[in-house]
2 protein chains.
Amino acid sequence: MKIGDLARRAGLSVHTLRYYERIGLLPRAERDGGGRRDYDAAILTWIGFLRRLKTTGMPLREMQRYAGLRRQGDGTGPERRALLEAHRETVRAQVEELQACLSVLDAKIESYRTADTAGKGTAP
Amino acid sequence: MKIGDLARRAGLSVHTLRYYERIGLLPRAERDGGGRRDYDAAILTWIGFLRRLKTTGMPLREMQRYAGLRRQGDGTGPERRALLEAHRETVRAQVEELQACLSVLDAKIESYRTADTAGKGTAP
DNA sequence: CTACGGGTTTGAGTGCGCTCCAGGTCAAGC
DNA sequence: GCTTGACCTGGAGCGCACTCAAACCCGTAG
């Protein structure tokens, strides 16, 4: 698979794919005769996982660390696991905070709703 | 209240407070004789709300829009409400996505756990 | 009186995560 | 043979949200 195809399938730009390779998030792709990257479809799984990490707010630095451990092989399992467990906790906290914010939003919207049906504005 | 006190109470830096005033997120604070900002404690409520918006991923641009509407007074209630309702939907989607990511993380961690108790590494 | 710990402004600098550009190579189609 | 389009590299540039620097002004304590 060429980088353009991968970009389409992964939902990232070719720029981003090359950038991720540069910084070590993606393994250096094999090249064809003309020096062009030629990807195995399996890379999509890894990219999908990276996306989960990014979605959950993990900075690239930490993804680099994880990717580095992964490159170093099986022995690093416990370390990778610890990294993910720590991250899981931050994501849990994040979800809780968002839910609290949602309640506040709901209340605020409700206050606009009642101010709307009644006559006068009340909410800040 | 002076800007330093407010910064401590609001959990923002004085730099950030001045920056927020510059870009219109905070109303221009009243000044004392020496030209220094002198805040009313009520501003904390507004800052708290801004923080909720920021926590939930609203870009400053949109907060500026909301703050602008607020400055324009009661007539803008419906518009502000619409803005918040739209934002609420994005936050809901965000929470759902995070929860999906959490399941993936859980699964991944579990796979490391079993690979840990068993002999050989399995997980990517 | 002077030193100090705040405060003021404008404008520049920072870190992150891309995003794009210049200048080039290569393979396929007309 | 020539054009087109996708790809290559190294490095510059961008948008966001701060963050800090320089040069200055106050008010109070010692």
Side-chain angles (χ1 to χ4, degrees), chain A residues 1-41 43 46-68 87 90 94 97 101, chain B residues 1-41 43 46-68 87 90 94 97 101:
Chain A
M1 201 191 326
K2 292 297 176 54
I3 197 171
D5 302 341
L6 180 60
R8 260 182 298 288
R9 287 216 227 167
L12 297 173
S13 73
V14 290
H15 300 300
T16 302
L17 288 172
R18 286 196 279 247
Y19 172 65
Y20 279 7
E21 180 177 317
R22 260 204 301 223
I23 68 172
L25 282 186
L26 296 179
R28 178 173 165 79
E30 286 171 30
R31 311 300 160 118
D32 67 6
R36 294 179 212 139
R37 290 168 182 81
D38 203 353
Y39 293 94
D40 182 316
I43 196 73
W46 174 235
I47 293 177
F49 188 63
L50 287 179
R51 259 248 289 282
R52 303 274 183 188
L53 295 181
K54 196 168 99 54
T55 296
T56 51
M58 184 183 282
L60 294 197
R61 290 284 177 96
E62 211 167 332
M63 291 192 230
Q64 287 173 308
R65 211 171 100 63
Y66 185 84
H87 184 58
T90 78
Q94 202 183 329
E97 203 171 4
C101 290
Chain B
M1 199 190 327
K2 293 299 178 52
I3 197 171
D5 302 340
L6 180 60
R8 260 181 297 289
R9 287 215 227 166
L12 297 173
S13 73
V14 291
H15 299 300
T16 302
L17 288 173
R18 286 196 280 248
Y19 170 66
Y20 278 8
E21 180 177 318
R22 258 202 304 219
I23 67 172
L25 281 186
L26 297 179
R28 178 172 166 81
E30 285 170 31
R31 311 299 161 119
D32 68 6
R36 293 177 212 139
R37 290 167 182 82
D38 202 352
Y39 294 93
D40 182 315
I43 195 73
W46 173 237
I47 294 176
F49 187 63
L50 287 179
R51 258 247 289 280
R52 301 273 183 188
L53 295 181
K54 195 167 100 55
T55 296
T56 51
M58 184 183 283
L60 293 198
R61 291 282 178 98
E62 211 167 332
M63 290 192 231
Q64 285 173 306
R65 211 170 102 63
Y66 185 85
H87 184 57
T90 77
Q94 202 183 330
E97 202 171 4
C101 290

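If you're wondering where the values come from, they're calculated on a predicted model, not measured in any experiment. In the text below, chain A, chain B and the rest are named by the order of the sequence lines, each starting its count at 1.
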B/His15, nearest nucleotide to its side chain (from C/dT19, D/dC20, D/dA17): D/dC20
Verify side-chain contact (heavy atoms from CB on, under 4.5 Å) between A/Tyr20 and A/Ile47, making sure each step is shown before the conclusion. CA-CA 10 Å; A/Tyr20 279 7; A/Ile47 293 177; over 6 Å; no
Mind checking A/Arg31 for me? I need base, sugar-phosphate or nothing, with any heavy atom below 4.0 Å counting as a touch. sugar-phosphate
5' priority, DNA chain D, between A/Arg37 and B/Lys54 [closest heavy atom]: A/Arg37
How about B/Leu25 and B/Gln64: do any of their side-chain heavy atoms sit closer than 4.5 Å? yes
Shortest side-chain distance from A/Arg61, nucleotide among C/dC16, C/dC18, D/dT19: C/dC16
Nearest-neighbour nucleotide for the A/Tyr19 side chain, D/dC18, D/dT19, C/dT19 considered: C/dT19
Check the orientation of B/Tyr66 and B/Trp46. Use parallel for under 30°, tilted for 30 to 60°, and perpendicular for over 60°. parallel
For C/dC18, take OP1 and OP2 only and decide whether either is under 4.0 Å from a side-chain N or O of A/Tyr20. yes
Check the distance between C/dT9's P and B/Leu17's CG and give it to me in whole angstrom. 13 Å
For a side chain to side chain contact (heavy atoms under 4.5 Å, CB included) with B/Ile3, tell me which candidate from B/Arg36, B/Glu21, B/Arg18 qualifies. B/Arg18
Distance check needed: C/dG17 P versus A/Glu21 CD, whole Å only. 19 Å
Side-chain N or O of B/Arg28 closer than 4.0 Å to phosphate OP1/OP2 of C/dT8: no
For B/Arg18 and D/dC20, what is the distance between atoms CZ and P respectively, to the nearest whole Å? 12 Å
Quickly work out the B/Glu62 CD to D/dA17 P distance and round it to whole Å. 11 Å
If you assign each of B/Gly33 and B/Met58 to its closest nucleotide in DNA chain D, which residue comes earlier from the 5' end? B/Met58
Closest of D/dC18, C/dG7, D/dT9 to the B/Lys2 side chain is C/dG7
Gap between atoms CD1 and C1', on A/Ile23 and C/dG15 respectively (whole Å): 14 Å
When rounded to whole Å, the CG to C1' distance for the pair A/Asp32 and C/dT25 reads 11 Å
How long is the line joining CZ of A/Arg22 and C1' of C/dC16, in whole Å? 14 Å
Between B/Asp38 (side chain only) and B/Arg31 (backbone N and O only), is there a donor and an acceptor less than 3.5 Å apart? no
Using whole Å, report how far CG of B/Leu12 lies from P of D/dC18. 8 Å
Nucleotide nearest A/Arg36 when distance is taken to its side chain, options C/dT19, D/dC8, D/dT19: D/dC8
